[in-house]
Amino acid sequence: MSPAPARKPKTPSIEDLLKKPAATTVASGASTPGTFKGAKKLAGVASKKTKSPSEMSQIELLEYKMKQIETSEIERQSQREAAQHSLPYINLKGFPISPEALSLLSKEQAEATKAIVFLKVTDEIRIATSQPSDAVFELAKKLAEDQASDIQVYYCSENSFQFALSLYEALPKPIEVVYGVRISTEDLQKFEKEISNFKDLQEKIKKVSTTDTLTLVIGAALKGNASDVHIEAEEDGIKVRLRIDGILHDAAVIPSAQWKLIISRVKLLSGMKINVDTVPQDGRITIYLTNEKIEIRVSTLPTAFGESVVMRLLRPKSISLDFEQLGIEGLAWERLKKEIERPNGMIVTTGPTGSGKTTTLYAILKRLNTPEVKIITLEDPVEYKLPGINQSQIDHSKDYTFAKGLRSILRQDPDIVMVGEIRDTETAEIAVQAALTGHLVISTIHTNNAAGAIPRFLSMGVKPFFLAPALNCVIGQRLVRRLCPECKQPIKLDATMMEQVKKELSDLPKSANIKIDMDKLEFYGPSEKTKTCPNCNGLGYKGQIGIYEIFTMNKDIEHMILGASVSEYDMLAIAKKFGMITMTQDGLLKASRGLTSVDEVLRVAGIEVEDEEEKANEVPAEAGKPPAETK
C-alpha cells in the first residue's frame, strides 16, 4: 500500500500571520490565488501564546478585535464576492493599519488600482482590493520583488476600501526644500498672455512688487529665448536689456528708487554678499520649471551709479542640437563627419565669444558619446551637464589650470578629450602630444577665422613637426540670426551690393561642386509685417544658424606647416584651393535660400571690398616669379 501524499502547506491566513512572531518561518509551497512569494525566509523562534487582551501586542490584539467586528449585510455580500474571486475576505473598518504599511503605495496608486496595503509584518505583506484585476496582481507581484516579501491579496468592500483610503490624510507629508526661484507653468502662461512685446513688459513692471519684478524680467527673458539679462544702474533710472539671438535690446526702465531693493534681491538669490558693492561678485541662481531646470550665472560690477548686473541664462535645450542640425553642408559636412570618426588627432574650432563654439563641440561629443568610449572634458566653467561624460571644471584659485587638468586627464585613460580653450603654450603642447598618442582632442582657439588657427599655434611655440601630424581639422564659425518665417519677404539689393555678392559667390571652389545661377539670385529680409509680428516680437529675426568654413589637413598644408613660415593669407589660399567655402560664402548661400539676410551676413562675417585705386596701381609679377621685395 503506497503512502498517502503529503499535504501541501497553504499560505498563512491573517489569523495565522498575526499569531506568528516577526521572524517565524512560513512554509512555502503551492500558492493560493492572489499569493506572491518574494521573501527570503529565516529560521525563527516560537512565540508564547497570549492569554488575555491586556497582555496582547498590537498585532495580537488585531486577531481579537477581528472576532468582535459585526458583519453587516454589505460585508456579508462582500464575503460572498470574495469567495467568487477565490480570495480571502477582509473588513478594513476598525483594522489598525500602520503608516509603514500604508506608505508602501502612494495614494494615487491606491486610487488608480483600487488596492491598498493594510498590513506589513517583516517579510509578509497583505493587500486589500475592492476590484480584483490584472493591474492589482501585477502591482502585488512587483511589490513582492521590491520588498522581498510574500504577499496575499484580500477582497474588501468599496466602503471598507474608502475608509482605508481616508487614512492617507493622516500620513505626514514631506516638505520640499527648494533653493532658488521657482517659476510655475501657470506663471509662464500668465507671462505669455500679458507680455507680447517690450512695451507690455514696461507697463507690467510698473504694477508689480520688487520680488515680482525680478521674476517678471526672468520670465520675459525665458519667453523671448534671451541668453543674457542686463540690469544697469544709470543716472536717470535702471535699464533692463535682453540679449536675444546675439543682439542686445532695450526691454524696460525701472525707477531708480527701486535699485537697492532689486540689487539686494538679486544678491540674496544668487548667494552674494548683500553689503558688498565696491568689488565685483559672482553667484548662481537656479530656476525650476515644470520639466526643466535652468541655471543662471550672475555677475555684478561696481559702476558710477550703482552696479551692473548681468545674468547668463544657461538652458540645456539651447545646446541640445544634434550634429546633423548644426547647419554644416556639402563637402564641409562630409569631411568633418569623416574627421570626427578618426580615433586620434585634433579638431579645433575658432571664433569670437558667442559664435557657437560650445554648441558645436557639444554636438560633436553627443555624436561620439557611446558606451564604448570614455569622454572627459575640461571646462571653465562647466555650463551644461552632459549625461555619460565626465566634466571637470577649472579652478584658478586652487591652481587647477587647463595645463594641469589636461595632464591629469591623460592619466584617466580617456578615448576623447575636450579642452574648453587653448590659451597658452603649455596647454597647446600637451593637447598636441595627446593627439599624437592615440587620443581624439577637441578644443577651441581664439582666431578670427579657420586660416588663422595654424599661425596662432606656431606663434604660441608649438613645434611644426608636432603640429602637422596632430591636426585633423579646423572649423571657423559665426552665428547669424534666422529670418522670421512669418514676416520675411523677398528684397532687392542695390547694384553695388549685388555686385559684391556675385563676386563672392563666383569665387566658390570648383571642388565644392556647388552650382548657382547668378542671374536668378533672390534674397530676403524683414517686411512691413515685422512691426506687428507676434512670432518674432517685431524684431524680424527668430533663432540663429551657424555659418562655417572648414578645412582638413592634406600633404600641401603639412608641407607648409613644416616650412614654419605660414601666414594667414597663405593658409586661406591653399584651403580654398582644396575646396573650402569661406564663412561669408556659406552665409550668402544660406541667405539665397531665405534662411538669413545679406545684411546679417555682412554684420557678422563681412565682405572684403576691393579698393579699385589699389587694384589699378598693382603691378603684376612676372610669370613664375614672386614680386620683388621692397627695400
Enquirer: Compare every heavy atom of K590 with every heavy atom of I547, then report the nearest pair and how far apart it is.
Expert: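 Taking I547 first and K590 second, the nearest heavy atoms are CG2-CD, 4.1 Å.
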
Enquirer: Would you name the heavy atoms of G354 and L479 that are closest together and state the gap between them?
Expert: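 The answer is O-CD1, 3.6 Å.
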
Enquirer: What's the separation between atom CG in L483 and atom CD in Q489, rounded to the nearest 0.5 Å?
Expert: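 That separation rounds to 10.5 Å.
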
Enquirer: Any sub-3.5 Å donor-acceptor pair from Q544's side-chain atoms to D245's backbone N or O?
Expert: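 Yes; at least one donor-acceptor contact below 3.5 Å.
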
Enquirer: Does any non-hydrogen side-chain atom of I263 lie less than 4.5 Å from one of R265?
Expert: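 Not in contact.
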
Enquirer: Side chain of T350, backbone of N448: donor and acceptor closer than 3.5 Å?
Expert: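 Pair absent, no side-chain N/O of T350 close to backbone of N448.
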
Enquirer: Determine yes or no for a side-chain-to-main-chain donor-acceptor pair under 3.5 angstrom, with K267 supplying the side chain and V276 the backbone.
Expert: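 Yes; judged by distance alone, with no hydrogens or angles, the pair exists.
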
Enquirer: May I ask you to test the I389-L365 pair for a side-chain heavy-atom distance under 4.5 Å?
Expert: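 Contact flag for I389/L365 side chains = yes.
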
Enquirer: Would you find more than 12 non-hydrogen atoms of other residues, nucleotides or ligands less than 6.0 Å from K142 atom NZ?
Expert: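 No, NZ of K142 has 12 or fewer neighbouring heavy atoms, counting only those of other groups under 6.0 Å.
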
Enquirer: Side chains of V432 and L471: does their closest heavy-atom pair fall under 4.5 Å?
Expert: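 V432 does not reach L471 side chain to side chain.
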
Enquirer: Considering only distance and modelled atom types, tabulate donor-acceptor pairs under 3.5 Å from the side chains of residues 225-237, sequence neighbours left out.
Expert:
unit_1	atom_1	unit_2	atom_2	d
S227	OG	R243	O	3.4
D228	OD1	R312	NE	3.4
D228	OD2	R312	NE	2.5
D228	OD2	R312	NH2	3.4
E232	OE1	R241	NE	3.4
E232	OE2	R241	NH2	3.0

Enquirer: With side chains defined as the heavy atoms from C-beta onward, is the minimum distance between L361 and T444 less than 4.5 Å?
Expert: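 Counting from C-beta outward, L361 and T444 do come under 4.5 Å.
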
Enquirer: Would you name the heavy atoms of T427 and A403 that are closest together and state the gap between them?
Expert: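 Where T427 meets A403 most closely, the heavy atoms are OG1-N, 3.5 Å.
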
Enquirer: Report the residues that fulfil salt bridge (charged side-chain N to carboxylate O under 4.0 Å, His left out) with D599, sequence neighbours left out, ordered by chain and then residue number.
Expert: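 If we apply the salt bridge (charged side-chain N to carboxylate O under 4.0 Å, His left out) test to D599, skipping adjacent residues, there are no hits.
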
Enquirer: Is there a donor in the side chain of T582 and an acceptor in the side chain of E549, or the other way round, less than 3.5 Å apart?
Expert: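 T582 vs E549: no donor-acceptor pair found between side chains.
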
Enquirer: V298 versus V310: any side-chain heavy-atom pair under 4.5 Å?
Expert: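 No. Closest side-chain heavy atoms not under 4.5 Å.
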
Enquirer: The test is side-chain contact (heavy atoms from CB on, under 4.5 Å); show your working for L440 and L368 and say whether it passes.
Expert: CA-CA 10 Å; L440 182 62; L368 298 175; 3.8 Å; yes

Enquirer: What distance separates R482 CZ from C536 SG, expressed to the nearest 0.5 Å?
Expert: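 If we round to the nearest 0.5 Å, R482:CZ and C536:SG are 14.5 Å apart.
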
Enquirer: Identify the two heavy atoms, one from C533 and one from E486, that lie closest to each other, and give their separation to 0.1 Å.
Expert: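 Nearest pair, atom of C533 first, then E486: SG-CB, 4.0 Å.
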
Enquirer: How would you list all residue pairs meeting salt bridge (charged side-chain N to carboxylate O under 4.0 Å, His left out) that involve residues 388-410, not counting sequence neighbours?
Expert: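 Matches after skipping sequence neighbours: D399-K404, R407-E426.
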
Enquirer: Hey, which of N390, V417, I376 is the one that makes side chain to side chain contact (heavy atoms under 4.5 Å, CB included) with Q412?
Expert: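 Exactly one option meets the side chain to side chain contact (heavy atoms under 4.5 Å, CB included) with Q412, and it is I376.
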
Enquirer: Which one of T552, N472, I550 satisfies the side chain to side chain contact (heavy atoms under 4.5 Å, CB included) criterion with L336?
Expert: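 The residue from T552, N472, I550 that satisfies side chain to side chain contact (heavy atoms under 4.5 Å, CB included) with L336 turns out to be I550.
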
Enquirer: Can you tell whether the side chains of K260 and E307 come within less than 4.0 Å, N to carboxylate O?
Expert: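 The answer is no: the pair does not qualify as a salt bridge.
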
Enquirer: Would you say the side-chain atoms of Y541 and S597 include a donor-acceptor pair closer than 3.5 Å?
Expert: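 Result is yes, a qualifying pair exists.
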
Enquirer: Please answer whether the main-chain N or O of L326 pairs with a side-chain N or O of Y548 as donor and acceptor at a distance below 3.5 Å.
Expert: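 Side chain of Y548 to backbone of L326, a donor-acceptor pair under 3.5 Å: yes, one is there.
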
Enquirer: From L378 CG over to I394 CD1, what is the distance, rounded to the nearest 0.5 angstrom?
Expert: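 Atom-to-atom, L378:CG and I394:CD1 are 3.5 Å apart.
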
Enquirer: So, T425 side chain and G461 main chain: donor-acceptor pair closer than 3.5 Å or not?
Expert: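 Checking the backbone N and O of G461 against the side chain of T425, no donor-acceptor pair under 3.5 Å is found.
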
Enquirer: Is there side-chain contact between Y168 and S103, with heavy atoms separated by less than 4.5 Å?
Expert: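 Sidechains of S103 and Y168: no contact.
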
Enquirer: Using the side chain to side chain contact (heavy atoms under 4.5 Å, CB included) criterion, which residues pair with P255? Sequence neighbours excluded.
Expert: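 Applying side chain to side chain contact (heavy atoms under 4.5 Å, CB included) to P255 gives Q258.
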
Enquirer: Do any N or O atoms from the side chain of E295 and from the backbone of R315 form a donor-acceptor pair under 3.5 angstrom?
Expert: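 Side chain of E295 to backbone of R315: no pair is present.
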
Enquirer: Keeping to residues at least two apart or across chains, list the side-chain hydrogen bond (donor to acceptor under 3.5 Å, both in side chains) pairs with something in residues 104-113.
Expert: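 Passing the test, one end in residues 104-113: S106-Q109, K107-E169.
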
Enquirer: Does the side chain of E379 come under 3.5 Å of the side chain of S392 through a donor N or O and an acceptor N or O?
Expert: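 Looking only at side-chain atoms, S392 and E379 do not form any donor-acceptor pair under 3.5 Å.
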
Enquirer: Is any side-chain heavy atom of H439 less than 4.5 Å from a side-chain heavy atom of P414?
Expert: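 Contact flag for H439/P414 side chains = yes.
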
Enquirer: How many angstroms lie between atom CD1 of I454 and atom OG1 of T447, to the nearest 0.5 angstrom?
Expert: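 I454 CD1 to T447 OG1: 10.5 Å, rounded to 0.5 Å.
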
Enquirer: May I ask you to say whether K366 pairs ionically with D322, meaning some side-chain N is under 4.0 Å from a carboxylate O?
Expert: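 Looking at D322 together with K366, the answer is yes, because their closest N to O distance falls below 4.0 Å.
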
Enquirer: If I take atom CD1 from residue I445 and atom OG1 from residue T349, how far apart are they, to the nearest 0.5 angstrom?
Expert: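 Here the rounded value is 10.0 Å.
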
Enquirer: Hey, is the main chain of P526 close enough, under 3.5 Å, to the side chain of T530 for a donor-acceptor pair?
Expert: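 Not a single qualifying donor-acceptor pair exists.
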
Enquirer: Shortest non-hydrogen contact from Q202 to V253?
Expert: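 Closest approach of Q202 to V253, heavy atoms only: OE1-N, 2.6 Å.
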
Enquirer: By ring-ring contact (aromatic ring centres under 6.0 Å, His included), which residues pair with F323, not counting sequence neighbours?
Expert: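 In terms of ring-ring contact (aromatic ring centres under 6.0 Å, His included), with neighbours along the sequence ignored, F323 is linked to W333.
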
Enquirer: Treating S443 as the side-chain partner and V348 as the backbone partner, does any N or O pair qualify as donor plus acceptor under 3.5 Å?
Expert: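 Pair absent, no side-chain N/O of S443 close to backbone of V348.
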
Enquirer: Given side chains that start at C-beta, do those of V598 and V601 come closer than 4.5 Å, heavy atoms only?
Expert: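 No, every pair of side-chain atoms sits at 4.5 Å or beyond.
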
Enquirer: Write down the atom of M272, the atom of D282, and the distance for their closest heavy-atom approach.
Expert: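 What the structure gives for the nearest pair is CE-C, 3.7 Å.
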
Enquirer: Please check if atom CG in D415 has more than 12 non-hydrogen atoms from other residues, nucleotides or ligands closer than 6.0 Å.
Expert: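 Yes.
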
